[in-house]
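Inspection log for the structure reproduced underneath, given as structure tokens.
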Amino acid sequence: MYALVDCNNFYVSCERAFQPALHQRPVVVLSNNDGCVISRSAEAKALGIRMGAPLFQIRPLVEQHQVKVLSSNYALYGDMSRRVMHYLASVAPELEVYSIDEAFLSLHGLARHFGPLEAYAQRCRAQVQQRTHIPTCVGIAPTKTLAKLANRLAKQDPALGGVLVLDSPARRQWALAQVPVAEVWGIGRQHAARLHAQGLASAADLAAASEGWVRRHLGGVVGVRLLRELRGYPCHRLAPSEDGTLARQSIAHTRSFGRPLTELADLRGAVAAFTARAAEKLRAQGSLAHGLTVFLSQNRFGPAPPPHTRTASLTLPTATSNTLALASHAQLLLHRLWQPGLRYTKAGVLLAGIEPAGPPQLGLFEASPAAVSRPQAAALMQRLDQLNGRFGPGTIRLAAALPPPGRPVPWEGLRQHRTPARTTSWDELWEIG
DNA sequence: TCTGGGGTCCTAGGACCC
DNA sequence: TCTGGGGTCCTAGGACCC
């Protein structure tokens with residue numbers, strides 16, 4: 001059996017943990033650049049505020065109902081997430097951190113030691129609540145897809161008390177009939193439209209569909225696995241996370257700007273800063289990257305005709321995690337992309353072709369001076385990460401990523417509703433007085 | 001005026017090889 | 001007009017997730 005533990009309205013719940021006055025009030029948390037709603041309290045949901053709604057569209061509602069609007073504070077959410085995951089890891093034989101606010105637990109053999117799974121799940125919820133003030137719901141079922149579905153029902157129906165266990169064919173069939181097919185894990189907009197056109201409306205309808213039809217119309221093997229999971233045959237194992245982190249196969253740092261940028265100098269700064277952040281993440285997971293992509297975007301809702309995004313990529317001669325090497329290549333790519341007179345609203349740096357760093361190796365044909373100096377470069381990066389880790393991000397920066405003196409950072413996004421980083425910044429610690 | 005930022009997996013098709 | 005057959009590797013793009 002698998003359990004899915006999902007934090008309710010996670011970002012809003014994190015904010016409420018430090019601002020009890022936010023309870024019982026409609027609250028929303030915004031994406032970067034204060035663009036869209038990415039977390040809503042139940043009260044905000046009840047007002048009809050949609051997930052992903054742009055802030056400017058919901059202004060009237062916000063003012064009319066005095067909705068509390070907050071910029072996102074990822075330092076806080078990341079830290080709260082670690083606390084939740086740390087506890088969950090202590091009560092299950094295996095844990096997969098699926099996202100910042102969700103984890104799959106393997107419950108194999110647990111009922112023998114801990115008694116009924118329902119009671120076990122309730123104890124988990126109570127402990128997470130007590131330790132972090134984060135409310136959760138738990139779904140338990142023989143497959144991950146069914147655990148997701150059980151979790152959704154547990155969240156939706158207060159009568160279930162936050163836990164639903166699907167441990168018999170009858171319960172599973174009942175649950176499948178409750179859930180619209182569009183809400184099944186792995187069914188997005190395209191697939192949902194296709195299913196509706198076939199007259200399949202519920203998860204139960206999909207579970208009863210023929211494997212051949214699903215293979216043809218629902219993404220081949222992906223659809224078949226989904227179908228089998230709905231029928232109770234596991235196709236997705238747990239991907240256990242040692243320390244709550246996974247080695248990523250691609251790493252990106254992309255941001256919208258607070259205002260459109262036209263000057264090459266500003267974009268050079270943005271790309272340098274974004275490359276440095278991406279390289280930091282790369283080193284943090286102990287990897288090297290072979291592939292580098294830079295993109296520039298114009299406002300996709302604006303008057304400029306598509307394409308709104310142009311990308312440029314290259315493959316590096318040797319995989320690296322060196323900020324200086326990556327940044328100089330990124331600048332070359334930027335020069336290929338930038339055109340005068342265009343108003344850029346967003347840029348990004350993506351690293352791909354990722355491999356483990358391992359011991360430094362010399363390629364057969366590259367015992368060159370550059371190769372010899374590589375250990376020194378690695379030591380430099382290590383010092384840089386140590387200093388930025390100790391004294392705060394951006395303490396040591398690329399000269400190219402410094403903002404023009406006396407001016408605000410041109411590429412920085414808006415954060416007009418920020419709350420303090422209570423758990424990760426000395427300056428912003430909770431004061432009790 | 002103002003519309004996020006990360007990821008995953010799979011498939012098709014082209015380049016290239018013998 | 002006819003113009004092999006079978007591999008592998010890589011990339012772009014689609015669909016999905018939170």
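Below, read A as the first sequence line, B as the second, and so on, with proteins coming before strands; counting in each chain starts at 1.
Judged by distance alone, the side chain of A:R83 and the main-chain N or O of A:T132 form no donor-acceptor pair under 3.5 Å.
Residue A:T419 holds its OG1 atom at 6.0 Å from CG of A:L70, rounded to the nearest 0.5 Å.
Within 4.0 Å (heavy atoms only), A:D101 reaches sugar-phosphate atoms of the nucleic acid but no base atom. Within the 4.0 angstrom heavy-atom criterion, no nucleotide atom of any strand lies near A:I100. Among the atoms of the strands shown, only primed sugar atoms or phosphate atoms (P, OP1, OP2) are found under 4.0 Å from some heavy atom of A:V184. Residue-level contact check: A:N32 touches the backbone only, with heavy atoms under 4.0 Å from sugar-phosphate atoms and none from bases. If you check every strand for non-hydrogen atoms under 4.0 Å, A:R277 touches nothing. Note on A:L414: nothing from the nucleic acid sits closer than 4.0 angstrom, heavy atoms only. The residue A:G219 sits apart from the nucleic acid: no heavy atom pair falls under 4.0 Å. Residue A:R255 is classed as a sugar-phosphate contact, given heavy-atom separations below 4.0 Å to backbone atoms only. A:G186 comes within 4.0 angstrom of the backbone, heavy atoms only, and of no base.
Residue order along DNA chain B, read from the 5' end via each residue's closest nucleotide, puts A:N299 first among A:R248 and A:N299. Along DNA chain B, the nucleotide nearest A:T254 and the nucleotide nearest A:R343 are compared for position; the residue whose nucleotide lies closer to the 5' end is A:R343.
Using a 3.5 Å distance cut-off with no hydrogens or angles, the side chains of A:N9 and A:K45 do pair a donor with an acceptor.
The aromatic rings of A:H217 and A:W213 sit tilted relative to each other, their planes meeting at an angle between 30° and 60°. Between A:Y77 and A:Y11, the two ring planes are parallel [angle under 30°; tilted spans 30° to 60°].
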>> Under the criterion side-chain contact (heavy atoms from CB on, under 4.5 Å), I'd like the reasoning laid out for A:T345 against A:S256: C-alpha separation, chi angles, the key distance, then a yes or no.
In response: CA-CA 6 Å; A:T345 55; A:S256 296; 6.0 Å; no
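Contact footprint of chain A on DNA chain C: nucleotides with an atom under 4.0 Å from a non-hydrogen protein atom, first to last in 5' to 3' order, C:dA15 to C:dC18.
Pairing partner, B:dC18: C:dG5, with both Watson-Crick or wobble hydrogen-bond distances short of 3.5 Å.
Distance noted for atom C1' between B:dC17 and C:dG4: 14 Å (whole Å).
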